[in-house]
Amino acid sequence: METDSKNPKWSWLDAALVLAALFAMIPVAPALRHFLRQIYKLIDLSRVTQNSLQLFAGTLLQAGLIIAAVMLLTRRKGSSTRDLGLIWTNVGGNIKSGLLGGVVLSVTVIGLGVLVSVVIGPPPPQDVEKMLTGIKQGKDILLPFISVSILAPISEELYFRGMVYPLIRSKWGVRTALILSGFFFSAMHFDLYRLIPIGVGGMVLAYFYEKTGSLVTSITAHSTWNTLMLLMMFLARQTGL
């Protein structure tokens, strides 16, 4: 592996502080949503749905906090962006691997989701599905795309794979880290019904990071996964499925 994070300089406390900061800022989301609504009115984007705006505001706040907190807490311990997996060698190859891996990951998660549905029953709608309510045209999917396919993958990979995964790996080894980090990632989605599919998805993303040594791969795979899921939800709503 190319990263220098097999023995990370940051601690479990640092990882916990990122989550604490995130939960502490939840009450700020409504104010940010109101601010964004005013901006959209000024630039004549008043047709943006409230659900899309809510999703974007929440994701923007989450991504900004996670990125800032991870960078601050790790740099104060003497770590570099390279230690977090932000490695820019072989970017093209890692992006290609991420794109292909994201497609395979999507198929895997969908298959697991179907299996869970057969065993337990039809799943409740995801928060993102609820946010797509009112979207009627392709151009209306821009804000959900930015939220789900860009902001979320970057920030979540930086935290779950870049920061948390090395902590678990340094203490218990790769195999245990793949499993524990994957299901920690799933648990933080607060979706008990999809705990196993998302957990397996998190394990696969950690494997991509472990295999290539670069978050570029896992970010690309995560983005591909989310994008395909978003498109499927959008098309399902358009066709009434």
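In this chain, residues are counted from 1 in sequence order. Computed over heavy atoms, backbone and side chain alike; hydrogens, waters and symmetry mates excluded.
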Next item on the list: Please confirm whether Phe160 and Tyr165 have ring centers closer than 6.0 angstrom.
Entry: no

Next item on the list: Kindly state whether the ring of His222 and the ring of Phe185 have centres lying under 6.0 angstrom apart.
Entry: yes

Closer than 3.5 angstrom, by distance alone: can the side chain of [X] be matched with the main-chain N or O of [Y] as a donor-acceptor pair?
X	Y	result
Lys9	Gly78	yes
Ser117	Pro122	no
Thr74	Trp10	no
Ser170	Leu167	yes

To the closest 0.5 Å, what do you measure between [atom1] ([X]) and [atom2] ([Y])?
X	Y	atom1	atom2	answer
Arg82	Ile87	CZ	CD1	4.0 Å
Ser97	Lys211	OG	NZ	10.5 Å
Ser214	Trp88	OG	CH2	7.0 Å
Ile66	Met71	CD1	CE	12.0 Å

With side chains defined as the heavy atoms from C-beta onward, is the minimum distance between [X] and [Y] less than 4.5 Å?
X	Y	answer
Leu22	Gln62	yes
Ser223	Asn226	no
Ser11	Lys77	yes

Check whether [X] and [Y] end up in the same hydrophobic cluster, where Ile, Leu, Val, Met, Phe, Trp and Tyr are linked by side-chain heavy atoms less than 4.5 Å apart.
X	Y	result
Tyr209	Phe184	yes
Leu195	Met188	no
Leu228	Ile154	no
Leu72	Leu61	no
Val91	Leu86	yes

Note to self: Between Leu230 and Phe234, does the side-chain contact (heavy atoms from CB on, under 4.5 Å) criterion hold? Intermediate values first, please.
What the structure shows: CA-CA 6 Å; Leu230 179 64; Phe234 175 72; 5.6 Å; no

Item checked: Where Arg194 and Pro124 come nearest, the two heavy atoms and their spacing -> NH2-O, 2.7 Å

Next item on the list: Compare every heavy atom of Asp83 with every heavy atom of Ser80, then report the nearest pair and how far apart it is.
Entry: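 For Ser80 and Asp83, the tightest heavy-atom pair comes out as N-OD2, 2.8 Å.
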
Checklist line | Residues that Lys96 engages under salt bridge (charged side-chain N to carboxylate O under 4.0 Å, His left out), provided they are two or more places apart | finding: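 By the salt bridge (charged side-chain N to carboxylate O under 4.0 Å, His left out) rule, Lys96 matches no residue at all.
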
Item checked: Contacts of Arg76 that satisfy salt bridge (charged side-chain N to carboxylate O under 4.0 Å, His left out) - sequence neighbours left out ->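 Only Asp14 meet the salt bridge (charged side-chain N to carboxylate O under 4.0 Å, His left out) criterion with Arg76.
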
Check: More than 12 foreign heavy atoms under 6.0 Å from CG of Leu192: is that the case here?
Finding: no

Check: Passes side-chain contact (heavy atoms from CB on, under 4.5 Å), Met229 versus Ile110? Steps please.
Finding: CA-CA 9 Å; Met229 295 296 105; Ile110 290 172; 3.4 Å; yes

Checklist line | All side chain to side chain donor-acceptor pair (under 3.5 Å) counterparts of Thr217, not counting sequence neighbours | finding: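 Checked Thr217 against side chain to side chain donor-acceptor pair (under 3.5 Å); matches are Asn94, Thr212.
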
Check: With Tyr159, which of Ile67, Leu84, Leu19, Leu65 fulfils side-chain contact (heavy atoms from CB on, under 4.5 Å)?
Finding: Leu19

Can you give each donor-acceptor pair under 3.5 Å made by side-chain atoms of residues 196-205, sequence neighbours left out, with the distance rounded to 0.1 Å?
none

Under 3.5 Å donor-acceptor pairs involving side-chain atoms of residues 98-105, not counting sequence neighbours:
none

For residues 141-153, which side-chain donor-acceptor pairs fall under 3.5 Å, sequence neighbours excluded?
unit_1: Ser147; atom_1: OG; unit_2: Leu143; atom_2: O; d: 2.8
unit_1: Ser149; atom_1: OG; unit_2: Thr227; atom_2: OG1; d: 2.7

Check: Salt-bridged, Arg161 to Glu156, with N to O below 4.0 Å?
Finding: no

